[in-house]
Amino acid sequence: MNLPRIDIDSAKIADNVQQLTTLYGSKGIKIIGVTKVIGGDPAIAGILVDNGINILADSRIENILRMRKAGIRAQYMLLRSPALSQAEKVVAHAHISLNSELIVLRELSKHALKNQNIHKVILMVELGDLREGIMPSDMENMVRNVMGLKGIVLIGIGTNLACFGGIAPDHDNMAELSSMAVHLENKFNISLDIVSGGNSANYHWFKSSKDVGRINNLRLGESIFLGREALCREPIPGLFTDIFTLVAEVIEVKQKPSKPYGKVYQNMNGEIPRFKDLGLMSRAILGIGQQDVLVSGIVPKQDVAILGASSDHIVVDNDKANLKVGDTVTFDLDYNALLRGLNSTHITKKHVNYQECQEVL
Ligand SMILES: *Cc1c(COP(=O)(O)O)cnc(C)c1O
């Protein structure tokens, strides 16, 4: 199998989906599977759907198209607010979108009418994180306007926290979302199917809430694929945190000094690097670099330390591991490293335990 490579344990993905469905379902919350970190990989999306997820959400239309073309049957939600210039595509390919701009909603309405279909929308509310969202005081007006648009139907409201400002979902902001849903339903005599409280950062709020109010939906990526919550990045008990493993090959091993010698100028990253002189050491070079993964987001599973990286190479301290040319080194990946790695065309993806997984289903 070509290297570098990311091994993907399909059976563990299935298990995490089942566990999260049960956990959140215990208080009436349904989960949406967020596929952006896997670039809309149809094989993985298929596992989510086979394990009971019926809405798949992605921030990119191209990823949604990839899954739809592969025949993965689900409702598709666009996560990133549609761009005005994208409206036609959004209506054509996504069933649901998250919105905060009236001008865009009007454009979605126009294209939905033209194509004679109904596009579902969720209005996003700003609750302090300061990325996308309508200010709470503008919500009534927005709902009134949206209800006047043909071709689109308001199916819910939602919010997104812990992404830009690192603001935690808590009892106050979740209660605000909840009471806003009730208020809008009463005011306009409508019913909101979806009240979407957030993402993988909502775990602690969920665990510490007896009553989750009107919140009946979360959009989960990191918890499904990395088995953890996104506020402190702690594992969720019972979930697998080792679904993905990066594998790279050793291409050079030599005893060399620990400190570069000659006149020091900028390296390829534009930095003037400094190294301590620790005498001679065993150094190994791996055939993988910045172009392939976010090197700061990977952690070796073997006893080697990353000394530095350039576009196509990672240099590691090989004093303890005693690697040889042709050996492989394995790494855990954080969310951003996974995002880059799985979307890289230079990294092979290999499903392990895929057969077993299908048999269990
Ligand atoms: C990425 C994203 C999510 C999923 O976030 P995770 O922390 O991976 O669960 C949810 N909602 C929106 C709007 C997103 O962009």
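When a ligand or atom number is given, it counts from 1 through the structure's own listing order. A quick note: this is a predicted structure, and the numbers were derived from the prediction, not measured. FYI, side chains are in, hydrogens and waters are out, and symmetry mates aren't considered; it's all heavy atoms of this structure.
The ring-ring contact (aromatic ring centres under 6.0 Å, His included) search around Tyr335 returns none, not counting sequence neighbours.
Side-chain contact check for Glu140 and His183: at least one donor-acceptor pair (N or O, by modelled atom type) lies under 3.5 Å. A donor-acceptor pair shorter than 3.5 Å can be found between the side chains of Gln75 and Lys120.
Geometrically, Lys30 does not engage Tyr24 in a cation-pi contact defined by less than 6.0 Å to the ring centre and at most 45° from the axis.
Under 4.0 Å from any atom of ligand 1, one finds heavy atoms of residues Val34, Lys36, Leu79, Arg131, Glu132, Asn160, Asn199, Ser200, Arg219, Leu220, Gly221, Glu222, Tyr335.
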May I have the list of side-chain donor-acceptor pairs in residues 239-250 shorter than 3.5 Å, sequence neighbours left out?
{"residue": "Asp242", "atom": "OD1", "partner": "Lys12", "partner atom": "NZ", "Å": "3.2"}
{"residue": "Asp242", "atom": "OD2", "partner": "Lys12", "partner atom": "NZ", "Å": "3.2"}

Distance-only donor-acceptor hits, side chain of residues 153-160, under 3.5 Å, sequence neighbours excluded:
{"residue": "Thr159", "atom": "OG1", "partner": "Val125", "partner atom": "O", "Å": "2.7"}
{"residue": "Asn160", "atom": "OD1", "partner": "Asn199", "partner atom": "ND2", "Å": "3.1"}
{"residue": "Asn160", "atom": "OD1", "partner": "Arg219", "partner atom": "NH2", "Å": "2.9"}

